[in-house]
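Residue numbers start from 1 in every chain, and the chains themselves are labelled A, B, ... in the order their sequence lines are given, proteins ahead of strands. Since the model is a prediction, treat every value here as computed from it, not as a measurement.
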Amino acid sequence: MAMSWVNEDLSRQFGEIATLLKLKGVDAFRVRAYERAAATIGAAPVDLSMLDEREIAALSGIGAGTASKIAEYLGTGAIAMLERLRSEVPPGMVELVRVPGLGPKTARLLHDELGIDGLEALREALDAGRLEGLKGLGTKTAANLRDAVARMGAKDTGRLPAADAIAVAEQLCATLRTVPGVAEVAYAGSLRRMRSTIGDIDVLAAATDAPPVMDALRGAGTTVKVLAAGEKKTSVLTVRGLQADLRVVEAEAWGAALVYFTGSKAHNVRIRERAVRQGLTLNEYGLYRRETGERLASRTEADVYAALGMDEVPPPMREDTGEVEAAAAGQLPRVVTLGDLRGDLHGHSSWSGDGKATLDDMAAAAAARGYAYWAVTDHAENLSINGLSREQVRARRGDLRRVQETVPQMRLLDGAELNIGIDGALDYDLDFLLSFEFCVASVHSLMQRPAAEQTARIIAAIEHPAVCVIGHPTGRILGKRPGYDIDLDAILDAAVETGTALEVNASPRRLDLSGSMVRRAVERGATLAISSDAHSVGDLASMRYGVATAQRGWATPAGILNCLDVDGLLAFVDRKRAR
DNA sequence: GCCGTTTTCGGCCCGACTGTTTTCAGTCG
């Protein structure tokens, strides 16, 4: 994607440096420094090519050495140190450490002793039984590696879209809640932080007796293979090639364990460093005074952060992208929460071909969520199968007036989700468009166009007086298709200039804008709309994933369109139209 | 390599599990 291509490439290159250094066996702290730099760069809300070397060195985790390498990359397009490392480390070793359970030490051993230079050579050596007998490697290790290599060849591997992982995780949690003696169960990890794709499922349980909970996981219907089973922790392979890790703790340690298990790893390392500087030590059982061993906090996450002298950090923000410093200074932004939302501005009824519930049912469910308004934005005429003709729009308006009577406490807004044509043209005509109360405009076709063309068509829609929100701005479907190429900064500038909002589509299949794009939008002062894009009653509950995604981008209620009350919202529409 | 309420050197988060070891190294998160 056009956005932050420089950052992504740099992040990848520093990640590769870290991997190669690890394979060379250098000091682990140096490796960690490069890993941290890669993470910082990958999450930076500003394109690094826009900054000078001093500003780059001011980023947390980036010092003079890394900054000069970044400058070198920006000047020459390459980092000489990386080129040198690539020539020094046999290429196949990078492939070897991708095998779960096979780390740098073993990779080095396999290469030096057996000449194994890649996955294929490892397979052959395993088949020939050549690993057994190597010092430190027995028959069990060989069998585990054989399994791991075989799994790598299977179809269902790698990260899953959040929507799929949520389904597995919730099923797992439900199973564990039925175990006697279990006080609390929650999923943590990247799922709780609401990353858009999920590598594994982390489940935490509080119970007086751990073994029955472990047994329940091993026996769960979703469990394919047990990878590790100890007193405090069990790891299994579940359906869809997803690993699930379960930790069981006493209820008194719940908060500390939740902090630990939610991560991110980088966030944990940073707050543990902070603890050490205060003469404390933090682990999954609590925050302790170093000298006396006295436990200062552990029951809730709020207790732990408070005892560290920090604001409590919402899980989606725990990525070590500045939140630790901000929370320590008491300056963490008060990010948007579900309770701040006054309505939902993108939803469908059965008037659209793809809507699965009637206007009555959708409106009743939206009202039951306590919304002050709900915009029904059925598809417009240019979406051939699902769209509404003008005749159907007029008929729906009659229906809308009738349904409005049934939900007196909530304002139903007569809306549409328009189609952005290849040249930026919209459905209907100007007068008809202005007869709607609220319009979202989205790209639904011709998604593989060059960035310049794609950007221009979206900006054309942004400039249209009837368009209040651009729906799912990048068009990505997680696990299925990447977003279209756009120049996000140009789109953000146009949105700010015209007073148009960009959507944070809350569907866990989309999460579009992404968290990092939200952060960029917030930096540039763009208005966002968090919308469920519900096609069914159940979809309305997806809003929480949109809120989490907005939190990942540090969005505050002040920048969210649907945190406004009805009057504020309608004033926003009027201002846009007056331009 | 980074960093500072130990501030330009000397530290750097902490624990669980496995396998192959008789006390611990390697890997993972």
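Residues A:Leu131 and A:Thr141 are not in side-chain contact: their nearest non-hydrogen atoms beyond the backbone lie 4.5 Å or more apart. Inter-residue side-chain proximity for A:Leu511 and A:Asn505 is flagged as unmet; no heavy-atom pair is nearer than 4.5 Å. Under the 4.5 Å side-chain criterion, counting only non-hydrogen atoms from C-beta, A:Arg510 is not in contact with A:Leu478.
Residue pairs meeting the salt bridge (charged side-chain N to carboxylate O under 4.0 Å, His left out) criterion with at least one member in residues 161-182 of chain A, sequence neighbours excluded: A:Asp164-A:Arg240, A:Glu170-A:Arg544. Within the structure, salt bridge (charged side-chain N to carboxylate O under 4.0 Å, His left out) pairs that include any residue of residues 262-271 of chain A comprise A:Arg270-A:Glu273, A:Arg270-A:Asp320, A:Arg270-A:Glu325 (at least two apart or interchain).
In this structure, A:Ile271 reaches neither bases nor backbone, as no heavy-atom distance under 4.0 Å exists between it and the strands shown. Counting non-hydrogen atoms under 4.0 angstrom, A:Thr40 reaches nothing in the nucleic acid.
Listed by chain and number, the residues in a salt bridge (charged side-chain N to carboxylate O under 4.0 Å, His left out) with A:Glu72 amount to none (sequence neighbours excluded).
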Collect all protein-nucleotide pairs involving nucleotides 24-26 of chain B in which both atoms are nitrogen or oxygen and the distance is under 3.5 Å.
| unit_1 | atom_1 | unit_2 | atom_2 | d |
| --- | --- | --- | --- | --- |
| B:dG26 | O3' | A:Thr106 | OG1 | 3.4 |

Return the polar atom pairs (N/O with N/O) between nucleotides 9-18 of chain B and the protein under 3.5 Å, or none.
| unit_1 | atom_1 | unit_2 | atom_2 | d |
| --- | --- | --- | --- | --- |
| B:dC13 | OP1 | A:Arg32 | NH1 | 2.6 |
| B:dC13 | OP2 | A:Arg32 | NH1 | 3.1 |
| B:dC13 | OP2 | A:Arg32 | NH2 | 2.5 |
| B:dC13 | OP2 | A:Glu273 | OE2 | 2.6 |
| B:dC13 | O2 | A:Arg272 | NH1 | 2.6 |
| B:dC13 | N4 | A:Lys265 | NZ | 2.9 |
| B:dC14 | OP1 | A:Thr281 | OG1 | 2.5 |
| B:dC14 | OP1 | A:Arg290 | NH2 | 2.8 |
| B:dC14 | OP2 | A:Arg290 | NH2 | 2.9 |
| B:dC14 | O4' | A:Arg272 | NH1 | 3.0 |
| B:dC14 | O2 | A:Arg272 | NH1 | 3.4 |
| B:dG15 | OP1 | A:Asn283 | ND2 | 3.1 |
| B:dA16 | OP1 | A:Lys232 | NZ | 3.2 |
| B:dA16 | OP1 | A:Tyr285 | OH | 2.7 |
| B:dC17 | OP1 | A:Glu231 | N | 3.0 |
| B:dC17 | OP1 | A:Lys232 | N | 2.7 |
| B:dC17 | OP1 | A:Lys233 | N | 2.6 |
| B:dC17 | OP1 | A:Lys233 | O | 3.3 |
| B:dT18 | OP1 | A:Ala229 | N | 2.7 |
| B:dT18 | OP1 | A:Ala229 | O | 3.3 |

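Taking atom CD1 on A:Ile70 and atom C1' on B:dG1, their separation rounds to 13 Å, with Å as the unit. Between the P atom of B:dC3 and the CZ atom of A:Arg277 lies a distance of 11 Å, rounded to the nearest Å. The distance from atom CD1 of A:Ile201 to atom C1' of B:dG29 is 15 Å, rounded to the nearest whole Å. Distance, A:Asp245 CG to B:dT27 P: 18 Å, rounded to whole Å. Counting to the nearest Å, the P atom of B:dT5 and the CG atom of A:Leu308 are 16 Å from each other. If you measure from atom CZ of A:Arg274 to atom P of B:dT6, you get 12 Å, rounded to the nearest angstrom. B:dG1 atom C1' lies 18 Å from atom CD of A:Gln13, rounded to whole Å. For the pair A:Leu145 CG and B:dG19 P, the computed distance is 11 Å after rounding to whole Å.
Between B:dT5 and B:dA16, the distance separating the two C1' atoms is 33 Å to the nearest Å. Remark: the separation of the P atoms in B:dT22 and B:dC28 is 23 Å, to the nearest Å. Of the P atoms belonging to B:dT20 and B:dG26, the separation is 14 Å, rounded to the nearest Å. A gap of 27 Å separates the P atoms of B:dT21 and B:dG15, to the nearest Å. Comparing the P positions of B:dG1 and B:dT6 gives a spacing of 26 Å, expressed to the nearest Å. If you take atom P in B:dC14 and the same atom in B:dC9, they sit 25 Å apart, rounded to whole Å. Comparing the P positions of B:dT7 and B:dC17 gives a spacing of 39 Å, expressed to the nearest Å.
Salt bridge annotation for A:Asp489-A:Arg520: present, with a cationic side-chain nitrogen under 4.0 angstrom from a carboxylate oxygen. The existence of a salt bridge linking A:Arg123 and A:Glu95 is excluded, since no basic side-chain nitrogen approaches an acidic carboxylate oxygen closer than 4.0 Å. A salt bridge is defined here as a Lys NZ or Arg NE, NH1 or NH2 lying under 4.0 Å from an Asp or Glu carboxylate O, and A:Arg318 with A:Glu323 fails to meet this definition.
The backbone N or O of A:Thr556 sits nowhere less than 3.5 Å from a side-chain atom of A:Arg334 that would complete a donor-acceptor pair.
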Quiz item: A:Asp27 and A:Arg30: salt bridge (Lys or Arg N to Asp or Glu O under 4.0 Å), yes or no, with the steps?
Solution: CA-CA 6 Å; A:Asp27 174 24; A:Arg30 229 179 118 205; over 6 Å; no
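More than 12 heavy atoms of other shown residues, nucleotides or ligands fall within 6.0 angstrom of atom CD in A:Glu83.
The 5' end of DNA chain B is approached more closely, in terms of each residue's nearest nucleotide, by A:Gln278 than by the other of A:Gln278 and A:Val97. For the pair A:Leu137 and A:Pro100, nearest-nucleotide mapping onto DNA chain B gives the more 5' position to A:Leu137.
Of the residues in residues 77-84 of chain A, none lies under 4.0 Å from DNA chain B by heavy-atom distance.
Of the nucleotides present, B:dC2 is the one that pairs with B:dG11 by Watson-Crick or G-U wobble criteria, both distances under 3.5 Å.
The aromatic rings of A:Tyr34 and A:Phe14 sit parallel to each other, their planes meeting at less than 30°, with 60° as the upper class boundary.
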